[in-house]
Amino acid sequence: MPRDYVRRSKPKSTSKGKSNSRPARGGSRSRAPQRRVPWLAIILILMLAGALGYLISIIKGAADHRSPEPPPAVTHTQAPPKPVNPIDQKPVEKWRYIEQLENKEVVVNVPEAEESTRPYLMQCGSFRSSAQAERLKAKIAFQGLVAQVRHKSGSSWHRVILGPYDSKRLAEQHKHKLIKAKAVSDCAIWFWEG
C-alpha cells in the first residue's frame, strides 16, 4: 500500500510513562550559539599597526636629526695621481681578424653548370577524358604558356605537357609560375621523349 510521506503525522512518543517537559520539535526556540571573539586576528592586527607606527617614527626621526654639511672648500692644489686599476682600463683585443678581413678578397671557384644534351618536358596532368585535359590546357594558356595534349594509341590516358625546354631551370620557373597562380597543384619534369 502506498504511503503519503508529505501529509503524514508526527511520530508519537514511544516512551509510555514519561512525560517530556520539552516538546520534541519546533516548540520553544533555543538560543543561538554565542559568537567567539577572534582574539588571534585582533592581536595580529594590533602588532602590525604597532610595527608600522614604529617604522614611520624611525624614518621621521632620522630625517629630523640630519644636519646639513657645509660644501667642501675648493682648493686648486694638484692631487697626487691615483694608481691605475687594470680593471678600469679598456682591454686590448688580441684578435685582428676584423682588420684582416676588410682587406682580404675571397675567391670561390664555382663549377660551370653542365649543359644537358637532351631537352626537358614538363607534365602537369594526366586524365582519362580529353575534356579534362583540354580544361587544364586552357588554365595553363591563361598564364601565358603553351601546353599540348598528347594521347598515345592503345592508351586511355591524355597527358598535358609543356616543352621542350633547353634547360631544367626554365622548366622549374614555369612550374613555379603555374603553382603560384594555382593553375596546377604540381608538375613533373622529365627528359623529352621525342
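Computed from a predicted structure; not experimentally measured. We're numbering straight along the sequence, starting at 1. Scope of the values below: all heavy atoms of this structure, side chains included, with no hydrogens, waters or symmetry mates.
Residues in residues 101-131 take part in these ring pair (Phe, Tyr, Trp, His ring centres under 6.0 Å) pairs, two or more places apart or across chains: Tyr120-Phe191. Residue pairs that meet the ring pair (Phe, Tyr, Trp, His ring centres under 6.0 Å) test with at least one member in residues 154-177, sequence neighbours left out, are His151-His158, Tyr165-His174.
Leu101 and Val107 are not part of a single hydrophobic cluster, where members link through side-chain heavy atoms under 4.5 Å apart. The hydrophobic cluster containing Leu170 does not contain Leu121, counting ILVMFWY residues as joined when their side-chain heavy atoms lie under 4.5 angstrom apart, directly or transitively. There is a path of hydrophobic side-chain contacts, each under 4.5 Å, that joins Leu178 to Leu136. When the side chains of ILVMFWY residues are joined at heavy-atom separations under 4.5 Å, either directly or via intervening members, Leu46 and Trp39 end up in a single hydrophobic cluster.
Counted within 6.0 Å of NZ on Lys168, heavy atoms from surrounding residues, nucleotides or ligands total 12 or fewer; the atom is thus considered open.
Evaluation of the salt bridge (charged side-chain N to carboxylate O under 4.0 Å, His left out) rule for Lys139 yields no partner, not counting sequence neighbours.
Of the inter-residue distances, the one linking Trp190 atom CH2 with Ile161 atom CD1 reads 10.0 Å to the nearest 0.5 angstrom. Atoms OG and CZ, on Ser126 and Arg150 in that order, are 13.0 Å from each other to the nearest 0.5 Å. Residue Gln123 holds its CD atom at 11.0 Å from CG of Asp186, rounded to the nearest 0.5 Å. Atom OG1 in Thr117 sits 11.5 Å away from atom CG in Asp166 (nearest 0.5 Å). Annotation: the span from Gln148 atom CD to Ile140 atom CD1 amounts to 11.0 Å, rounded to 0.5 Å. Here the straight-line distance linking atom CD of Glu134 with atom OG of Ser129 works out to 10.0 Å at 0.5 Å rounding.
Of the residues Ile58, Leu52, Ile59, the one that meets the side-chain contact (heavy atoms from CB on, under 4.5 Å) test with Ile56 is Leu52.
Between Val184 and Ile179 there is a side-chain heavy-atom pair separated by less than 4.5 Å.
Here the closest non-hydrogen pair linking Met122 and Ala171 is SD-O, 3.6 Å. For the residue pair Ser156 and Arg128, the shortest heavy atom distance occurs at OG-NH1, 2.8 Å.
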Could you check Cys124 against Leu162 for side chain to side chain contact (heavy atoms under 4.5 Å, CB included), going step by step and ending with a plain yes or no?
-> CA-CA 8 Å; Cys124 290; Leu162 286 84; 3.9 Å; yes
Please walk me through it: do Lys175 and Glu172 pass side chain to side chain contact (heavy atoms under 4.5 Å, CB included)?
-> CA-CA 5 Å; Lys175 174 183 171 183; Glu172 290 283 343; 4.1 Å; yes
